[in-house]
2 protein chains.
Amino acid sequence: MRIEATTIKDIAHALGLSKSTVSRALRDSYEISDMTKQLVLGYAKTINYTPNPIAVSLKARKSKSIGVVVPEIADSFFSQVINGIESVANEKGYTVMITQSLETEEGEINNISFLALRSVDGCLASVSEETNDFSHFCDLHKKGLPIVFFDRIVECVQSHAVTVENVQAAYEGTAHLLKNNYRKIAFIANAPNLYITTKRFEGYLKALREYGVPYDENMINYCPHGGRYYEEVESVLKSLLSKQHRPDAIFLSTDKLTTSFLRCCKNLGLKIPEDFALVGFSNLDITDLMQPSLTVLRQPAFEMGRRAAMLLIKAIETKRTDIDCENECLPAQLIIGDSSKARCLAS
Amino acid sequence: MRIEATTIKDIAHALGLSKSTVSRALRDSYEISDMTKQLVLGYAKTINYTPNPIAVSLKARKSKSIGVVVPEIADSFFSQVINGIESVANEKGYTVMITQSLETEEGEINNISFLALRSVDGCLASVSEETNDFSHFCDLHKKGLPIVFFDRIVECVQSHAVTVENVQAAYEGTAHLLKNNYRKIAFIANAPNLYITTKRFEGYLKALREYGVPYDENMINYCPHGGRYYEEVESVLKSLLSKQHRPDAIFLSTDKLTTSFLRCCKNLGLKIPEDFALVGFSNLDITDLMQPSLTVLRQPAFEMGRRAAMLLIKAIETKRTDIDCENECLPAQLIIGDSSKARCLAS
DNA sequence: CTGAAAGCGCTAACAC
DNA sequence: GTGTTAGCGCTTTCAG
């Protein structure tokens, strides 16, 4: 700010002390007499002194702040995670800098180097779907920057991670459809390279296997842009409709896909669950108000943010980035709505 | 970062020049020979030099960054605004620091002083509903920090502002209900002290007046917590139900109120629009998928963010914070759904 | 055209 | 206990 704040120099000057004495008194150093401390602290309070964080950062090469890289802020899941992160960061006196990659690798590279340059003490990241080369994370991590990945983690970087029980969640969602007598279940996910995609696919397969339903690769669909473009989802839907063995149910791997797909169905005049039963991941808090109410897998987003931030701060404060990476894995919740209503077999 | 980056000193050393020459060469100063510039620039590129923004900030007392204070990130409207802000900030080479007040005055004070201390060059803000004393904004603004308010602006601070045409929007929403033969229209808003509340109320009144419908103050309800607590909305709904002249339609002043109210209705077994017709502000992008599809007033959130950021950057770069405050006012859009379907008068 | 030196606000040896 | 000094990385007078 061009705004002139009070500095240590001001205090030193006013009290006839040296800058270092003031500095030490402010940080309650053992070498300063109680009297002087009282004096300095008292005066500092009256003139409303706050240390200049920029100067501190420059000196200390750290900033008591953590950086966050998410694909997109305007997303129910990520914004809830951010709230979780902020809640522990605030408790622990850390500042949070939020950046979004907008799902591009370039954005992600810019973000992480921006943050590193800004002396964040550590980073929380969920990778963009476009990213295949993770060296921007690797390099910084190797140089000692603590990084905790969440949700969309990168397995090749040996670091802490917080995820949801993806396999189990997808398994439960798919099994729920199977129990409700759906048999031809299509799987729609975003970019196939994402950790969450492969894990959720695994859970889907597991359920099929367990229920003795043969795997049909025609049922597997990817939207590399995660359903951000309407056309992308629409073309998947149309291709499903044109298949000889048209699916009777759909498993959707992410938030945006779930709602985009529902919109497509509506536009094409399809009925849910009559034409397709739907189960999808979603962290929107209004899936119960939709038409029909959606059966969703909800991630404990806020808690994930909290855990990730706690892991990160622990890593920062113990400086042991190298070894014993912790992986926390939280359960998702299956919330049953009308979009997956049991099918009557009588027909 | 503990991460050691290359500095001007490294370049100077490697090239046998002085730090100042390198610094000047990098900023393309006229006093440096072309040859030296080539040399420095070339070398800087090979070692991948980036100026340390912290050092620059300390020196320059500005940071090529702008701060954002919103009540809450996990909100469709605000997250869209943030995207708009980022889009112009990135274009213009500014970094965005996002903070949330979580609707508390204390959080807001912390945020804005945090940002000022971090040498942001200017701020974008939408005030918390709890805030009544705006001196934290006033003080910084007087000291020369450019501030642009958006959506929830504060009129007593003489500064730039971007809003939606609140009066007109609320008027259109209410008029739409009146046209559809609803006559007893309740108004539900959040904190009555907010700019958006008073303006939207004004529009509501205007419509009533124009359609010759008498104003009934029993129809006016405030949720000081903006519908973040379910009980708050439920108690409003129950009080409406208990009234002698029960309303036949509801105008909802914000996003969260709109969806919370719908949820309450559902829980109490009420039918929309039969029991109540609904029109509300909302920037959720799935109001068309709800049951029933909602008639909403949608704000051009992304564009508001863009405009606000452009105003701010202009203010920063021209340093004229004092005079000629610009107020931009964008139209909202009425999107008609089933929640306000015309009532048959036959009954 | 280039260099030396001071200083942004703060901390931390190293004196006394 | 307290002061002096140097330095984090950078810009910017002021000298040459």
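Reckoned from all heavy atoms, side chains included, excluding hydrogens, waters and symmetry mates. Convention: sequence-line order gives letters A, B, ...; per-chain numbering from 1. Bear in mind the structure is a predicted one, so any value in this text is a computation, not a measurement.
Protein chain A contacts DNA chain D from D/dG1 to D/dG9, reading 5' to 3' and using non-hydrogen atoms of the protein with a distance under 4.0 Å. Reading DNA chain C from its 5' end, the first and the last nucleotide to sit under 4.0 Å from a heavy atom of chain B are C/dC1 to C/dG9.
Using a 4.0 Å cut-off between charged side-chain N and carboxylate O, B/Glu86 and B/Arg306 make no salt bridge. Under the 4.0 Å criterion applied to side-chain N and carboxylate O atoms, A/Asp28 and A/Lys37 are assigned as salt-bridge partners. Note on B/Lys314 versus B/Glu326: salt bridge recorded, some NZ/NE/NH1/NH2 to OD/OE distance being below 4.0 Å.
Here A/Tyr49 lies in heavy-atom contact (under 4.0 Å) with sugar-phosphate atoms only. At a threshold of 4.0 angstrom between heavy atoms, the contacts of A/Ser57 with the nucleic acid are absent.
Of the residues in residues 8-29 of chain B, those placing a heavy atom less than 4.0 Å from an atom of DNA chain D are B/Ile8, B/Lys9, B/Lys19, B/Ser20, B/Ser23, B/Arg24, B/Arg27, in numerical order.
When every heavy atom of A/Pro146 is checked against every heavy atom of A/Ile316, the shortest pair comes out as CG-CG1, 4.0 Å.
Side-chain contact between B/Leu312 and B/Tyr94 is absent, with no heavy atoms from C-beta onward closer than 4.5 Å. Residues B/Thr104 and B/Thr131 are not in side-chain contact: their nearest non-hydrogen atoms beyond the backbone lie 4.5 Å or more apart. Two residues are said to be in side-chain contact when any heavy atoms from C-beta on lie closer than 4.5 Å; A/Ile73 and B/Ile73 meet this criterion. Residues B/Phe78 and B/Phe150 form a side-chain contact, since some pair of their non-hydrogen atoms from C-beta on lies under 4.5 Å apart.
With values rounded to the nearest 0.5 angstrom, A/Glu328 atom CD is found 10.0 Å from A/Met304 atom CE. One finds the CD1 atom of B/Ile11 at 6.0 Å from the OH atom of B/Tyr49 (value rounded to the nearest 0.5 Å).
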